[in-house]
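Reviewing the structure listed below.
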Amino acid sequence: MGEIKPLPYFKDRYKVDLVFYVDEIVQVLQDRFSQHGKPVLFLLYGKSTDSGNYSKPASFEGIEKFDTDLGTLHPILTECRVIKSEMELGLIQYANDVSSEAHIEVMRQAKPGMKEYQLESIFLHHSYRYGACRHCSYTCICATGENSSILHYGHTAAPNDRTLNDGDMALMDMGAEYNFYGSDITCSYPINGKFNSNQATVYNAVLKAHNAVISHMQPGVKWVDMHKLAEQTILESLKNEKIIHGDIADMMTRRLGAVFMPHGLGHLLGIDTHDPGGYPEGLERPKEPGLSSLRTIRELKEGMVITVEPGCYFIDALLRPARDDPVSSKFFNWEEIEKYKSFGGVRIESDLYVTAQGCKNLTNCPRETWEIEAVMA
């Protein structure tokens, strides 16, 4: 394992006031904090509202000699993580810079006949070789064709192993991590480098929603309203293309936006891809379709970093119940939808920093169809 570094090394490296070896912990805590009786140790224990998992409190030999508090620290530290310092923002921006470049490199090299895992490999290689990002923030989602309608494709049971076909859309959701701080970026594009009319229709619907949300973001804005704005924008675009018909307000009331976008609009980002703090005490997760998938419903605050990731997917398991419902079914042009049966889906995801006046996009990837075609050419 190499030589054990002396204590001054760690003091300088981590910019802390005091450093001791772990086997001294009981003695040090007793010597320094026993003036007013038995010291109380505040331990980090609490539920992540995102995963439902509980953090494991610290433990060491001799901890029974102290009083412990399991309730105080977790909500306070969680809230500290919601608002980013300048140094944290610098790390997240760097991870975004590296990831944005790596995504562009994947775009340039993608072509029919390759495997999805080869696109993942290009991203990993570029992030590590040119950005010193050894790890990704999450398992890469390299979905093409129908796979792009599987929201968390790329896991062990679906390991980015399909062959890319001419005419496929690709949905690349990948983000490098730097010094523990993550990025989370999704680019969608045609594998052959040219958008056909159906691909452009769905892509531009999602891009319009992505841009609409970003233009409305500022402190005080409710995230659930941004989610509804994205849904409404996508529904309006689909109506313009005669894929659906009827009154948009009625569709929103019936939660039909969730048929095309069954996930939440975005999540807090930081040390975790899905950073904690989405549902502080007093905020209840909504129950309605689509809204129940929101990882936060907070009001935006200056200093937050949050993803904006609207999507539009053609998922048989969601379209079938809509077709079987006598009221919902009337809003869909089933003849048109049939043309998109094996389309998959489109997601466009950027990482946004909330500023005093609005927000700043930390992600720098080609987004307009003409930009993507130019990069791929």
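A salt bridge is absent between D17 and K11; no separation between the charged side-chain nitrogens and carboxylate oxygens falls under 4.0 Å.
We find the CD1-CD1 distance between I234 and I248 to be 11.5 Å, quoted to the nearest 0.5 Å. Taking OG from S100 and CG from L362, the interatomic distance works out to 9.0 Å, rounded to the nearest 0.5 Å. Atom CG of N364 is separated from atom OG of S350 by 9.5 Å, given to the nearest 0.5 angstrom. Within the model, atoms OG1 of T307 and CZ of R295 stand 9.0 Å from one another, a figure rounded to the nearest 0.5 Å. We find the CZ-CG distance between R134 and N179 to be 12.5 Å, quoted to the nearest 0.5 Å. Atoms CD1 and CG, from I348 and D173 in turn, are 12.5 Å apart once rounded to the nearest 0.5 Å.
Counting non-hydrogen atoms of neighbouring residues, nucleotides and ligands closer than 6.0 angstrom, the CD atom of E64 exceeds 12 such neighbours. Annotation: Q35, atom CD; neighbour count of heavy atoms from other residues, nucleotides and ligands within 6.0 Å is above 12. Enclosure of atom CZ in F60 by more than 12 non-hydrogen atoms of other residues, nucleotides or ligands within 6.0 angstrom is indicated. Atom CD1 of I4 is surrounded by 12 or fewer heavy atoms from other residues, nucleotides or ligands within 6.0 Å. Other residues, nucleotides and ligands contribute at most 12 non-hydrogen atoms within 6.0 Å of the OH atom of Y14. No more than 12 heavy atoms of other residues, nucleotides or ligands shown are found within 6.0 angstrom of CD on Q357. More than 12 heavy atoms of other residues, nucleotides or ligands shown are found within 6.0 angstrom of CZ on R285. For K222, the NZ atom is loosely surrounded, since the number of other residues' heavy atoms within 6.0 Å does not exceed 12.
For the residue pair Y138 and E177, no side-chain donor N or O sits within less than 3.5 Å of a side-chain acceptor on the partner. For the residue pair Y181 and E88, a side-chain donor N or O sits within less than 3.5 Å of a side-chain acceptor on the partner. With 3.5 Å as the limit, one finds a donor-acceptor pair spanning the side chains of Q27 and D31. No hydrogens or angles considered: nothing links the side chains of T201 and N198 as a donor-acceptor pair under 3.5 Å.
Side-chain contact between L300 and Q218 is absent, with no heavy-atom pair separated by less than 4.5 Å. Counting heavy atoms from C-beta on, the side chains of E368 and Y203 never come closer than 4.5 Å. Side-chain contact between V82 and E79 is present, with heavy atoms from C-beta onward closer than 4.5 Å. The shortest distance between side-chain heavy atoms of H227 and V213 does not fall below 4.5 Å. Annotation: side chain of V98 is not in contact with side chain of Y178 (no heavy-atom distance under 4.5 Å). The shortest side-chain heavy-atom distance between M217 and V308 falls under the 4.5 Å cut-off. Counting heavy atoms from C-beta outward, C133 and Y128 have side chains that stay 4.5 Å or more apart. You'll find the side chain of R108 stays beyond 4.5 Å of the side chain of I122, heavy atoms only.
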Under the side chain to side chain donor-acceptor pair (under 3.5 Å) rule, what do R323 and S329 come out as? Steps first, then yes or no, please. CA-CA 5 Å; R323 190 167 197 161; S329 185; 5.7 Å; no

If you apply the rule salt bridge (charged side-chain N to carboxylate O under 4.0 Å, His left out), what do you find for D275 with K84, and how did you get there? CA-CA 11 Å; D275 231 21; K84 305 300 189 270; 3.3 Å; yes

Please lay out, stage by stage, how D166 and K111 fare under the test salt bridge (charged side-chain N to carboxylate O under 4.0 Å, His left out). CA-CA 8 Å; D166 199 338; K111 57 180 182 291; over 6 Å; no

Please lay out, stage by stage, how S137 and D184 fare under the test side chain to side chain donor-acceptor pair (under 3.5 Å). CA-CA 7 Å; S137 309; D184 190 353; over 6 Å; no

Apply side-chain contact (heavy atoms from CB on, under 4.5 Å) to H155 and T139, showing your working. CA-CA 7 Å; H155 54 79; T139 305; 5.6 Å; no

Before giving the answer on side-chain contact (heavy atoms from CB on, under 4.5 Å), spell out for I63 and I25 the whole-Å C-alpha distance, their side-chain angles and the decisive distance to 0.1 Å. CA-CA 9 Å; I63 197 168; I25 193 164; over 6 Å; no

I would like to know whether E231 and K228 meet salt bridge (charged side-chain N to carboxylate O under 4.0 Å, His left out); could you show each step before the answer? CA-CA 5 Å; E231 284 183 329; K228 288 176 179 174; over 6 Å; no

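Residue I297 is grouped with residue M226 when hydrophobic side chains (ILVMFWY) are merged at heavy-atom distances under 4.5 angstrom, including chains of intermediate members. Residues M107 and M172 share a hydrophobic cluster, clusters being chains of Ile/Leu/Val/Met/Phe/Trp/Tyr side chains in contact below 4.5 Å. Residues L268 and L265 share a single hydrophobic cluster, defined by chaining ILVMFWY side chains whose heavy atoms lie under 4.5 Å apart. Both M252 and L256 are assigned to one and the same hydrophobic cluster, defined by single-linkage of ILVMFWY side chains at heavy-atom distances under 4.5 Å. Hydrophobic cluster membership is shared by L291 and Y279, with clusters built from Ile, Leu, Val, Met, Phe, Trp and Tyr side chains linked at under 4.5 angstrom.
For the pair K115 and Y117, the cation-pi test (distance below 6.0 Å, angle within 45°) is failed.
Within the 3.5 Å criterion, the main-chain N or O of D168 finds no donor-acceptor partner in the side chain of N165. Panel note: side chain S188, backbone R347; a donor-acceptor pair is recorded below 3.5 Å. In terms of modelled atom types and a separation under 3.5 Å, the side chain of H103 and the main chain of C365 share no donor-acceptor contact. A side-chain donor-acceptor contact under 3.5 Å links E116 to the backbone of D161. Panel note: side chain K360, backbone L352; no donor-acceptor pair is recorded below 3.5 Å. Using a distance-only test at 3.5 Å, with no hydrogens or angles considered, no donor-acceptor pair links the side chain of K242 to the main chain of K239. Panel note: side chain S148, backbone G145; a donor-acceptor pair is recorded below 3.5 Å. Judged by distance alone, with hydrogens and angles left aside, the side-chain atoms of R298 form no donor-acceptor pair with the main-chain N or O of G278 at under 3.5 Å. Counting only distance, with no hydrogens or angles, the side chain of N160 and the backbone of C142 share a donor-acceptor pair below 3.5 Å. Although no hydrogens or angles enter the test, the distance criterion places a donor-acceptor pair under 3.5 Å between the side chain of E373 and the main chain of F195.
With sequence neighbours left out, L77 forms a side chain to side chain contact (heavy atoms under 4.5 Å, CB included) with L44, L73. Considering only residues two or more places apart in sequence or on other chains, D351 meets the salt bridge (Lys or Arg N to Asp or Glu O under 4.0 Å) condition with none of them.
Every pair passing ring-ring contact (aromatic ring centres under 6.0 Å, His included) that includes a residue from residues 241-278 is listed here, sequence neighbours excluded: F260-F314, F260-F332, H263-Y313, H267-H274.
Of all the heavy atoms in A176 and S99, the pair that sits closest is N-OG, 2.8 Å. Minimum heavy-atom separation, P276 to R81: CD-NH2, 3.3 Å. Considering every non-hydrogen atom in both P159 and A157, the closest pair reads CD-C, 3.7 Å. The shortest non-hydrogen separation linking C359 to I214 is SG-O, 3.4 Å.
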